[in-house]
Chemist: 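Mind having a look at this structure? Questions to follow.
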Amino acid sequence: MLEITNLKKSFRQPNGEIVEILDVPQYSVANGEQAVLVGASGGGKTTLLHIIAGITVADQGKVIVAGSDISKFSESGRDRVRSMNIGYVFQTFNLLPAFSALENVELGMAFSGSIFSNSKRNPKRAKQLLDQVGLSHRMHSKPSTMSVGEQQRVAVARALANRPKLLLADEPTANVDPANQQQIVDLIQNCCREENIAMVMVTHSVEVSKQFSRVDELNDINHLMQKA
Amino acid sequence: MSVFWIAWKSIKHRGFASVLTILSMMLGVMLVVCVLTIHGVVERSFSNNGEVGYDVLIGAKGGDLDLALNSVYYLSKPVETIPYEYYLACKDQEFRQKEFMRSLHVRAHRSRAMMDEVLRANMELAELGGPVSLANELTFDADESQTLEATGMFEDGVFYRRSYVAKAIPILLGDYFDDYRVVATVPEFFDDRVFGQEDEPSEADDGTIIETDSDEELEKVSFDFADGQSFEAFSKENGFMECVLGWRVAKETKTKVGDTIQITHGVPASKGGDDALHEQLFKVVGILARRNQPEDRVAFVNMDGFFLMNDHQNKLMTEEQEEAEFEEKGDAAFANQFDSQLVPLPLEQRRVSAILTFSTLVGGVNCYAPSIRRQVNKGTLEQTTDWSDFPPPRLQKAASAIFPIAEISKLFVSIVTPIQTVLLVLTFMICVVSGISILVSIYNSMSDRRQEIAVMRALGANRGNIMTIILVESSMLAIFGLALGWLAGHALIAASSPYVDAYAGVSVGFMDFASPIGRYVNLSPESLLSWLPNFSAEFYLLPAIMFLAIAAGMIPAIVAYRTDVGQNLGK
């Protein structure tokens with residue numbers, strides 16, 4: 001599902017200095033596999049997820065998502081791959097405040113087809129997902145009226161809305177209390193399992209990582225960290 | 001349609017800001033619609049009356065514009081009067097003789113001594129009509145007949161004799177019925193006025209005469225009656241005291257045919273006219289159908305009746321002379337005061353405010369109109385009566401003649417055109433401000449929306465999707481503002497209809513549109529815009545505002561397009 005080869009990424013600082021962030025010779029995730037990346041803050045975890053999602057472009061290397069080498073794609077090509085194959089759960093949920101829970105989930109489907117068509121919006125699936133994350137009673141609630149845990153559950157439902165082949169979760173439990181933390185992890189695990197979705201979760205929580213069979217240290221993957 | 005759904009949700013989310021933006025756009029569009037429509041109303045008000053049917057207007061000296069405003073629009077303060085001789089100069093021998101003899105008869109009737117002294121020749125006055133039924137058997141001797149003929153009243157008037165004038169209609173102004181102008185005139189005022197270029201029959205190659213249908217070439221001003229009919233010169237039932245009301249006058253004063261009206265001398269009712277009421281009453285015999293022209297706001301009364309009202313008789317003596325005569329004769333001095341409603345005012349006591357002159361057409365061309373104007377303005381009008389109390393120089397310099405259409409055009413150019421320019425500039429600025437309001441509103445929201453945009457990008461939206469959403473959002477704001485502004489503008493126009501109608505005599509409704517675009521831009525065949533259909537300016541300006549709003553939306557759309565996803569997603 002995901003195969004990364006010889007990935008390198010650096011950023012130019014405002015003072016002109018170039019800082020290398022990532023040097024990943026090899027990293028892959030199989031179909032339906034659930035992988036967790038753990039590492040300290042500032043280790044390039046989010047940048048790696050952005051590169052996998054096609055939001056950020058690698059300086060070099062191959063990134064193959066669902067069989068497509070997105071490193072060769074233009075921005076719109078990467079956007080298309082993302083809209084059709086990738087679900088993204090953010091640390092800060094990033095629900096759109098103008099939309100209800102149901103509409104936020106529908107928004108996850110809206111961009112996988114033409115935005116002038118409603119064909120990709122599927123309220124039935126959105127309701128089903130919200131039911132799955134235990135929020136069928138909050139479908140029409142705005143994010144501002146929901147608890148942190150509820151918001152993150154909506155975010156998970158939204159990430160699954162476009163039936164992704166790969167789910168990227170960027171510290172999804174960092175902002176929720178321990179009780180909700182477990183609920184979120186269970187939810188992501190179960191949903192991915194049920195829909196055979198591969199997953200890459202970035203976390204620095206040992207409690208969370210313990211619950212997954214595959215846990216990779218970013219230090220092992222990112223050669224720059226090893227050099228440091 | 002996801003894009004409209006997302007844009008609509010965004011508009012709703014920023015409810016207050018969106019409402020303010022829509023409101024600003026709405027007010028702008030409303031203003032544009034009102035400005036354009038008001039301009040159209042002013043223009044129509046002028047053009048409605050541009051076809052007056054007559055080509056020369058003879059009235060008092062002292063301002064051609066005042067004369068046109070008074071006589072065509074019945075606006076402005078009434079001008080001075082001119083001698084009745086000007087009217088008689090346009091009439092034929094029969095009319096003049098009849099008027100003169102009627103006048104003589106009246107003099108005789110009210111002064112037996114005068115009758116004995118002046119009128120002794122045999123004359124059958126019954127032929128003279130109207131008040132002649134009151135006539136005694138009056139005769140002239142040969143000498144007196146000669147004297148009378150020397151007055152010039154037994155021949156055609158000078159303009160008639162020279163075939164300058166086909167028809168002349170006198171009008172008198174100055175009085176009011178309620179707050180509406182009273183126009184005293186003759187029954188011919190309501191006759192159809194057919195004018196314009198008439199096609200001449202042409203001769204074919206084989207010599208046959210081809211008659212062309214000239215109906216399309218000719219203009220026609222006609223007066224239809226909603227109820228009743230025109231007043232008569234003299235009716236057995238009401239004498240000279242009949243009147244016809246314009247549509248609005250009848251409606252506003254709730255007057256109908258058969259009612260009587262009492263008019264005020266020189267002052268509208270709302271300005272204390274009740275203290276200046278004339279004693280005499282006019283019987284309403286007709287109500288004009290709605291014309292959307294100044295006539296709607298006028299009460300037309302019989303001129304002979306008007307002459308007979310208190311204060312309308314031209315005094316033959318100065319106040320000093322009256323006082324001297326009163327001291328000498330006592331009450332008998334007022335024996336000459338004229339008070340009968342059945343006997344017309346003698347000629348020398350008559351004045352008119354203006355004469356609507358229809359010049360004789362030659363081959364459909366009013367080539368005599370300039371001659372009439374020149375002769376009146378240069379004071380070369382021959383004095384045809386020696387009975388007049390106007391000495392010749394005064395008579396000749398009393399009047400001026402104008403071309404009403406030219407005056408209306410001048411008025412339009414001097415008043416309406418500058419207003420039009422100001423309105424157009426104003427309209428342009430309103431359009432720009434409306435566009436800027438959308439720009440400011442959406443642009444200001446962009447800093448708050450960067451994260452939203454980044455999230456949508458992360459969910460699969462591409463840059464084009466994001467730009468489209470912002471453009472659709474600005475378009476939706478513009479469309480709402482435009483639609484509400486259009487509705488509000490037209491609703492305001494419809495609501496102000498009674499006032500516009502009352503003041504401008506032009507009826508406006510909800511579905512009245514601005515003037516055609518050709519009034520504002522040059523659509524002549526040489527023009528670059530000649531391909532443009534001459535639809536209402538609204539049909540061009542409103543889409544232009546829409547385009548401007550969308551163009552304004554491009555700036556935030558580009559900002560959205562360039563939003564960096566990685567930087568704005570945060571964690």
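Chain letters run A, B, ... following the sequence lines, proteins first and then strands; every chain starts at 1. The figures that follow rest on heavy atoms only: side chains count, while hydrogens, waters and symmetry mates do not. These numbers were taken from a predicted model, which means no experiment stands behind them.
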Chemist: Given that the side chain runs from C-beta out, which part of B:K12 has a heavy atom under 4.5 Å from chain A: side chain, backbone, both or neither?
Modeler: neither
Chemist: Name the region of A:P97, side chain, backbone, both or neither, that has any atom closer than 4.5 Å to a heavy atom of chain B.
Modeler: both
Chemist: Side chains of A:T46 and A:D170: is there a donor and an acceptor less than 3.5 Å apart?
Modeler: yes
Chemist: Output a table of donor-acceptor pairs, distance under 3.5 Å, between side-chain atoms of residues 19-26 of chain B and any protein atom two or more places apart or on a different chain; print 'none' if there are none.
Modeler:
unit_1 : atom_1 : unit_2 : atom_2 : d
B:T21  : OG1    : B:A17  : O      : 2.7
B:T21  : OG1    : B:S441 : OG     : 2.7
B:S24  : OG     : B:S437 : OG     : 2.8

Chemist: Can you find a side-chain donor-acceptor pair between B:H490 and B:E538 that sits under 3.5 Å?
Modeler: yes
Chemist: What part of B:R14 lies closer than 4.5 angstrom to a heavy atom of chain A: side chain, backbone, both or neither?
Modeler: neither
Chemist: What heavy-atom pair brings A:K9 and A:A58 nearest, and what distance separates the two atoms?
Modeler: CD-CA, 4.2 Å
Chemist: If we count only N and O atoms by modelled type, under 3.5 Å, do the side chains of A:T203 and A:E171 hold a donor and an acceptor together?
Modeler: no
Chemist: Could you tell me whether A:R12 and A:E17 have a side-chain N and a carboxylate O separated by less than 4.0 Å?
Modeler: no
Chemist: Could you name the residues of residues 69-80 of chain A that have a heavy atom within less than 4.5 Å of a heavy atom in chain B?
Modeler: A:E75, A:D79
Chemist: Is there a donor-acceptor contact under 3.5 Å linking the side chains of A:Q152 and A:N175?
Modeler: no
